[in-house]
Protein chains: 2
Amino acid sequence: MSQMLQIHDQLREMILSLDLGPGERLTERWLESRFEGSRTPIRAALVRLEGEELVRRDGRNWIVAPIDLGELEALAEFRIPLETTAVRLACARASAADIAGVEEMLDACQSGAPREEWHRVGTDFHVEIARLSGNPFIVKAIAGAMTRLSRARWLEVWTEPSREQAWREHRRILGFIKADDPEAAAREAADHITDTRDRLLRSLNEDRRGLRARGFAVIGLR
Amino acid sequence: MSQMLQIHDQLREMILSLDLGPGERLTERWLESRFEGSRTPIRAALVRLEGEELVRRDGRNWIVAPIDLGELEALAEFRIPLETTAVRLACARASAADIAGVEEMLDACQSGAPREEWHRVGTDFHVEIARLSGNPFIVKAIAGAMTRLSRARWLEVWTEPSREQAWREHRRILGFIKADDPEAAAREAADHITDTRDRLLRSLNEDRRGLRARGFAVIGLR
DNA sequence: CCGCATTGTTTGGGATACCAAATCGGGATA
DNA sequence: TATCCCGATTTGGTATCCCAAACAATGCGG
C-alpha cells in the first residue's frame with residue numbers, strides 16, 4: 001500500500017480515538033518526524049482527511065477538526081429519514097444470510113467486551129444495516145454521519161445500562177427486519193436514533209466544564 | 001487564492017461540463033502543462049477531486065470518473081427521503097425572505113435562457129431548498145447527489161417541454177412550502193424526483209449506442 | 001517599565017530532483 | 001509473419017529545496 005494511505009489511516013485512527021485532541025494544531029513538520037515520511041505523502045493524507053472533515057484549515061495551519069456538539073441534533077435529524085428508509089429497503093432486499101451476518105456481529109460483542117469493542121460495533125451496526133438496503137449512497141451517507149458522531153460517543157458516560165439499552169434496541173431493529181415488518185423496523189430505528197441522541201446530550205450536559213477543557217465546542221449545546 | 005484551489009475549480013468545471021470525457025485518462029504531466037503549475041498543487045487538487053468522486057484511480061493512473069447510469073435509480077431512492085424531509089423542515093423553518101430568494105432564482109431563468117443556465121438552476125434549486133431546511137448535513141448530501149447527477153443531465157434531451165415540465169414542478173414545490181403545506185410539498189417533491197428520473201432514463205434509453213461511444217457506462221441501465 | 005519596530009525562525013506553498021515500476025516499441029528469432 | 005524479449009520512455013511516488021508570509025523574540029526608544 002502506498003505510504004500516503006498508511007499515513008492517512010494511522011492519522012485517522014489517532015484522530016478518531018482522541019489520541020489527538022479536537023482543535024489541536026498539526027504541523028507538517030511534526031507529522032513528518034512522527035510518521036518518518038516526507039511532506040509529500042503527508043500533505044496528500046491531510047488533503048484527503050480534510051475531505052472527510054476530520055482535519056481542517058485554520059488560516060494557513062492544519063488543525064484536528066473540533067467537535068461541535070451543536071451538530072448532534074442536526075445529525076439525528078439527518079439520520080432518521082435515511083435509516084428508516086434503509087431498514088424498509090432492507091426488509092425487501094436483504095437475504096437471510098446477510099441478516100445473519102449482522103446478527104453475528106452483535107452476538108460477538110458480549111457484556112465483558114472492552115469499551116473499544118462496544119464503540120466500534122455500535123457504529124458498524126448502523127453502517128451494516130444501511131448496507132442491507134443495497135443502496136450505496138445511503139451506506140456512504142450513514143458511514144459519514146457515524147464518523148462524525150464517533151468522537152462524541154467516546155465522551156458518553158457509556159455506562160453498563162446505557163450499553164445494554166443500545167444493544168437491546170439494535171436487537172429489536174434487526175428482529176423486525178428479520179420478521180419482514182418494515183414499518184415496525186422503521187419506527188424502532190427512528191426511536192433508537194432519538195433515544196441515543198438524548199442519552200448522549202444528557203450525559204454531555206452533565207459535564208460541560210470538563211468538555212470545554214478537553215477542546216470540545218460546547219456552543220449550541222442546549 | 002491558492003493555486004491548488006484554482007486548479008481544483010477549473011478541473012472540476014472541465015469535468016462537470018464534459019469538457020473532459022468520463023473515463024478519460026489524466027496524466028499529472030499533462031495537467032502540469034495545461035495549468036502551468038507544478039505537480040505539487042496538481043496532485044493536491046486531484047486528491048481533493050478524488051474525495052468528491054469526480055476523479056478516480058485506475059491502477060496507478062488518474063481517470064475522470066466514469067458515469068454509471070445504473071446509479072440513477074439508487075440516486076433517486078437516496079434523494080427522496082432526504083428531500084421530502086427537507087421540504088417539511090423548510091415549511092417549519094424558512095423565512096419569507098429565504099423563500100423569496102429561491103423564487104427569484106427560478107424567475108431569473110426564462111424560456112430564452114441558454115441551456116447552461118437551465119442546467120445550473122435545475123441543480124441549484126434542489127440545493128437551495130435543502131438549505132431552507134436549516135440542516136447542513138442534508139444540504140451537503142443533496143449537493144453531492146446533484147453533482148453526481150450533473151453530467152448525466154447534460155445528456156438528457158432536455159427539450160423545451162421537458163424544461164417547462166421541470167420548471168412547473170419546481171414552482172409547485174416552492175408554492176406548497178410558501179403555503180406552509182408540508183405534506184403536499186413532500187408529496188410533490190417525491191413525485192418530481194421520480195418523474196425526473198424517469199424522463200432521464202427514457203431519453204437515455206433512446207440513445208444507448210451514442211452513449212457508449214461517448215464513454216458512458218450503460219451497464220445496469222435497464 | 002511599557003510599547004513598538006526589527007529581525008530571526010518556523011511554517012506552509014510550490015518547484016524540482018530522483019527513483020522504481022509500468023508501458024510501449026522495435027528488433028531478433030522461430 | 002507472428003511472437004517474444006529487452007530496453008527506452010513515461011508515469012506516478014517520494015524526497016528535498018527554495019521562497020514568502022506568519023510568528024515570536026529581542027532590543028531599542030519613549
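Order of the sequence lines fixes the chain letters, A, B, ..., with proteins taken first and strands second; residue numbering starts at 1 for each chain. We use all heavy atoms of the structure for the numbers below, so side chains are in, but hydrogens, waters and symmetry mates are not.
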Participant: Tell me: NE2 of H8(B) to P of dG13(C), nearest whole Å?
Facilitator: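 Nearest whole value for this atom pair: 15 Å.
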
Participant: Do you see a donor-acceptor pair shorter than 3.5 Å between the side chains of H8(A) and E52(A)?
Facilitator: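 Yes, side-chain donor-acceptor contact under 3.5 Å.
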
Participant: Considering only NZ, NE, NH1 and NH2 on the basic side and carboxylate oxygens on the acidic side, decide whether E77(A) and R93(B) come within less than 4.0 Å.
Facilitator: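 A salt bridge is present here (some side-chain N lies under 4.0 Å from a carboxylate O).
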
Participant: Of the options H119(A), H170(A), H192(A), which is the one that meets F125(A) in a ring-ring contact (aromatic ring centres under 6.0 Å, His included)?
Facilitator: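 Checked H119(A), H170(A), H192(A) against F125(A); only one passes ring-ring contact (aromatic ring centres under 6.0 Å, His included): H170(A).
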
Participant: Please report the distance, rounded to the nearest Å, between CD in E50(A) and P in dG12(C).
Facilitator: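 Going from CD in E50(A) over to P in dG12(C) covers 13 Å.
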
Participant: What I want to find out is whether E73(A) reaches R79(A) closely enough, with some N-O distance under 4.0 Å, to be called a salt bridge.
Facilitator: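 Salt bridge absent between E73(A) and R79(A).
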
Participant: Base, backbone or nothing for each nucleotide of nucleotides 12-22 of chain D, written B, S, -, heavy atoms under 4.0 angstrom, 5' to 3'?
Facilitator: BBBBBB-----

Participant: Within a 6.0 Å radius of atom CD on E116(A), are there more than 12 heavy atoms belonging to other residues, nucleotides or ligands?
Facilitator: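 Counting neighbours around CD of E116(A), more than 12 heavy atoms of other residues, nucleotides or ligands fall under 6.0 Å, so yes.
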
